[in-house]
Structures are given as C-alpha cells and as structure tokens.
Protein chains: 2
Amino acid sequence: MEITFIGTGSGVPSKKRNVSSLALSMLQQRDEVWLFDCGEATQHQILHSKIKPRKISKIFITHMHGDHIFGLPGLLSSRSFQEGTTPLEIYGPPRLKEFIELSLKVSETHLKYPIVFKSIDSNILFEDEHVIVKSLRLKHGVPSYGFIIEEKDSVGHLLPNKLKELGIKPGPIYQDIKNHEKITLPDGQTIYREDVTGPIIKGKKVSILGDTLPTEEIIESIYDSDLLIHEATFTDEDRALAKDYNHSTSIQAAELAKKANVKQLILNHVSSRYQDHDLEKELDKVNDVLPNTIYAKDLYTYTVQKEG
Amino acid sequence: MEITFIGTGSGVPSKKRNVSSLALSMLQQRDEVWLFDCGEATQHQILHSKIKPRKISKIFITHMHGDHIFGLPGLLSSRSFQEGTTPLEIYGPPRLKEFIELSLKVSETHLKYPIVFKSIDSNILFEDEHVIVKSLRLKHGVPSYGFIIEEKDSVGHLLPNKLKELGIKPGPIYQDIKNHEKITLPDGQTIYREDVTGPIIKGKKVSILGDTLPTEEIIESIYDSDLLIHEATFTDEDRALAKDYNHSTSIQAAELAKKANVKQLILNHVSSRYQDHDLEKELDKVNDVLPNTIYAKDLYTYTVQKEG
Ligand SMILES: [Zn+2]
Ligand SMILES: [Zn+2]
C-alpha cells in the first residue's frame, strides 16, 4: 500500500500546503486508488502526482468541513471527463449526498459513471477477501470519523526446495497449490499447502483519522497500527488554541500513538501559521515522545510494505 | 481598470490553465476588486497574484457550469477567514444562491460578512456615479450571460494656467472647483468649471462574456468596447466541435469583435487540447481578421487606461 499526501494543510490553502486529501494506492493488490477527503483543488494537486482519477474507486470523507469536501464536485466531474466509467463508492456523513447531488444538478453535470453513496453508520464499512475497512468516531464538534484499513493475512511464499523434494516442477501448478489448502495432483499425490509454504504473511494496518481532539477512546481500535495518520493542527505551545478549535497538537498525537503501540506516526493537517523551522523544532520534541515521527508534506508518498 | 486573468482554461483544469475566473481591479477608483466567475481553485491562483480576497466586493457569475462556480464555497470561506467583513454582492443565475447556501450550510461555514444575492433579471445590474454594469444574454445551452462595464465620462483636468489668469492659487479650492459645475468664491467671483478644465475624459467600456456560440445579436451591446473578452474554446479547424459544444472558435470571436468595432480583443476559455505552438499558429490567422488580438494566460494582467 502506498499513501500519497495530496493536501496536508488545515482550514485554508496556502502556497505550501493544500487543504485535506490523501490517496491510498493499492495498484498491485487491486488496481485501485482510494481517496480520503477531498478539499478544494485536490484534482489540481493530483495533476502533479502519479494518481489517475479514473482509478479512484472509493472516496472516504472524514467530516463535512469545507476544507475536506469542497473539491468533490470538480473531482467527480473530471473523473468523468477523463473516461472514468466504473462505479464510484463514496463513504461519508449523510449530508454529503445532498451536497454532491445538488452541486452536480445545478451545474448540469452528467457523469458517465454511477455513484454509490454509503453512510458511515456501522463499524465495518467494507470487507472482501483481502481487506477490511472500519470506521471510528472522533471528537471534533461536528461528526468526524477515522478509517482503519486492515489487510488480511495472506498465505506464505511457496518453498521451491520443498516442492522439488515432492517432485513438482515449476509451472501453473504452483499457483494452484498456493490457491488451495489441499490439492490432489494427476498422479494421485495430495499436497497440503502448509507443507510447501513459508510462514503466513501478516496484513498491515493503516489508521487514517479526520480532524479531532486527542481521545483515548480510540486507542483500542487503532492499537498496533503499522501506520497512524493523525492530525496535528497546532504545535504543543498552542495547546489552548487546539482545544478551542477541537484540534490536536503534535505532542498529543504522539502520546496517543505511543499508548496505542503504533509503529509509524505521520502528523497531518498542519496550520499554515507555522514556518518550516517551527516545525523542525517541534519535531525534535515530538521525537522525544515517539521516535521516527514525521510531518506529512504535500505530494510526499509513504509506502507500507508487507513483509516477506 | 486592471484585468487579471485568474483561470483561462475550459472545462477541466490543466497544469497551464485553471478553470474560469478573472478579476477587475478598480483600486484607484474605488478600492474594490470585482470577480467574474469562480472555478475551482480560484482562491489558490489568487495566492499567486496581488489580489486580496477581502477587497472583492462583487462577484459576477456568467453561468452555472462547474468550471465557473465550484471555487465559490472555498473562496467565500477564505474571504471570511482572511478578515473580510464588508458585504459581498453576488450576481448570478437563480440556482447559484441555492448552491452557495447549501455548501455553506452542510460545511457549517459561518461567514463574518453578509452576502447579498442579486439575480440577473434586468439589463442594468448596477449603477453609481462612476460606473454602470449591464448584462446581456448569450447562447450556450444553459442560460449564460455577458457583463458590460461602462465607466462614466469624467470632468477634464484642471488647467493651471487658466486658474492663474483668474487669480486662483493652488489649494483645496482646486478640488471644490472640480467637483462643481459652478462655484462662487469668497471674493464674489463666479467660476464655471468648463472654463478652467480640459476636455471631458471618456469612460472606458469593457465587455466580459461567458461561454457562448458566436452570436451577432450582441453586437449592438458590445459596440465600441475598449476591451472585449470573448471565449475561444476551439481553434477554427474545430468549428464543428465548437458548434456541438455550444462554444466559439478564435476566428468567430475575432469576426464578431471586428463587426462590433472593438479596440482590443482577448481570447479566453481555451481548451487544453491545444499546445502553445498550436495557439501561436492560430493567432497568426486571427490577426489577419483583427490585428492585435491575444490569447489570455493565467495570471496575466491587462490595463485599460483612461486617457488624459
Ligand atoms: Zn480540517
Ligand atoms: Zn466553461
């Protein structure tokens, strides 16, 4: 899985950081891109990335603030213009449907693909053989959500030496063996997959959160995430402001990530009031709490690699 | 008056041309900026210009297509965030109000200034002592409008020699004389303004059109414009496409401008299908019809100077 940060600012766009959006690319696994939030000019930022709008198959919206949704009407139109014809699923708060439908209607935009609206009313939003997506409720004045993407564990690699010992030569049969727990060969021999494959490959867990106050209630849900993307609108000096505006500080995010045993924390949704050197200094303090933490930057890509 | 082209593309944004918007700055005359159309990321483009969102006092929307309106919710929010507190007038088709109100409502955006919606239902949209703004109907499938901004003629410059002859010394009295057709001085002398000022300074006429097929019906209204901004989505080779999509070609725009005795034509709303060298070649042909014509470019500024 690859995360591309499209817009990492907060509230209003600045020259350095656009308003919120990020893309989760799963091109190898499923040839799809999932988008999380879609602030104004998300489609413009995408022009400077490798993402193709027609590959976007699902959009998840954390909450209804303008800096997270005002890019949707334009992106949906352009996806159509650029020959996107496959259905698009949009997961978001209930009023999102109203906003999108009215925007398309007044502008007489006729999309070449269907939109399937899904409201965030259950814990499990989506599940198939490879992945499960759950939502969790945050604290932000308006209903705000986080999304947890968990890859399912997968069968270990085939062990060529073991296969050789059993007299099986490389060929399409290899894939058949990998796809079945047990298979009987033409010569009558029965192969148990567990005998010829390495250890199970653990799926990765990525937690992408919307705007929120720090809240310990989510620790259980995000526990052991390989990657946590948490907002850090303010530096810790501005803790009072963060509280007033229902946001978190960098240190609060790091403390939470530490309690949740998160392997990598990336700080997102950064106020434009801070200069680069402010953030560099802040990061030193954050790393005392949780080493390796970084600030997201527009168009930066982070790869979550499955082991093995 | 200064025109800044903010977005000069058509339909969808490209790396070179954003979707539609342009600003008319009248900072000397009235310390105001008027915006014409507001496609997505207009506020982002403005970050790279000299325009201050809080100086925008009126927004005129030519028609409801997404590439002309999807930047409004974000721009309105940012104007508020950037301490815009003065009322904002928005002139547009009736459904515009619905789109803006719903966008602000679902996103829980609370502006620090009032919006005054004005629908384009009369020929004269606005008039004061300096300027008059008229609308005219175009041909574009959906209701599309053009806007004609006419400065009123103003009093000629004071002639210092004439004033000297009459024994009047420079001072605040000069402005009083300029402001009144006739004034009686403390010494009983009566001054007629026309005796001490140069020729009347003609106001300028600027015509800014939305998307349209070429239509001779507008010639009378735009006649003698000092500046005409006309769409040229297609080159003349693609005349059939232009007709299919309710747009104009460069040559069609130039022919119309010539018939309307326009002094300067600027071609706008250019499809991203054309490369720079295509447009250079096209411009040679256009200039055979109407010399001096140019293509608009994003962030290019054109000044319409009053004489004298
Ligand atoms: Zn936000
Ligand atoms: Zn257009």
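Nothing here was measured: the structure is a model prediction, and the numbers come from that model.
- With a 6.0 Å radius and a threshold of 12 heavy atoms from other residues, nucleotides or ligands, Tyr245(B) has its OH atom at or below the threshold.
- Considering OG of Ser107(B) and CZ of Phe70(A), their distance stands at 3.5 Å, rounded to 0.5 Å.
- Of all heavy-atom pairs spanning Met64(B) and Val106(A), the tightest one is CB-O, 3.3 Å.
- Of the atoms belonging to Ser80(A), not a single heavy atom falls under 4.5 Å from chain B.
- The residue among Gly141(B), Ser78(B), Ser103(B) with the most heavy atom pairs within less than 4.5 Å of chain A is Ser103(B).
- Atom OH of Tyr302(B) is surrounded by more than 12 heavy atoms from other residues, nucleotides or ligands within 6.0 Å.
- Proximity to chain B is limited to the side chain of Phe81(A), based on heavy atoms less than 4.5 angstrom apart.
- Heavy atoms from other residues, nucleotides or ligands lying under 6.0 Å from CD of Glu237(A) number 12 at most.
- Interface residue Leu47(A): backbone and side-chain heavy atoms are both found under 4.5 Å from chain B.
- No other option in Gln43(B), Glu40(B), Glu98(B) has as many heavy-atom pairs under 4.5 Å with chain A as Glu40(B).
- Residue Lys112(A) qualifies as enclosed at atom NZ: its count of foreign heavy atoms under 6.0 Å is above 12.
- Here the OG-CG distance, from Ser77(B) to Asp67(A), works out to 8.5 Å after rounding to the nearest 0.5 Å.
- Proximity to chain B is limited to the side chain of His44(A), based on heavy atoms less than 4.5 angstrom apart.
- Using a 4.5 Å cut-off on side-chain heavy atoms (C-beta onward), Arg95(B) and Lys105(A) make contact.
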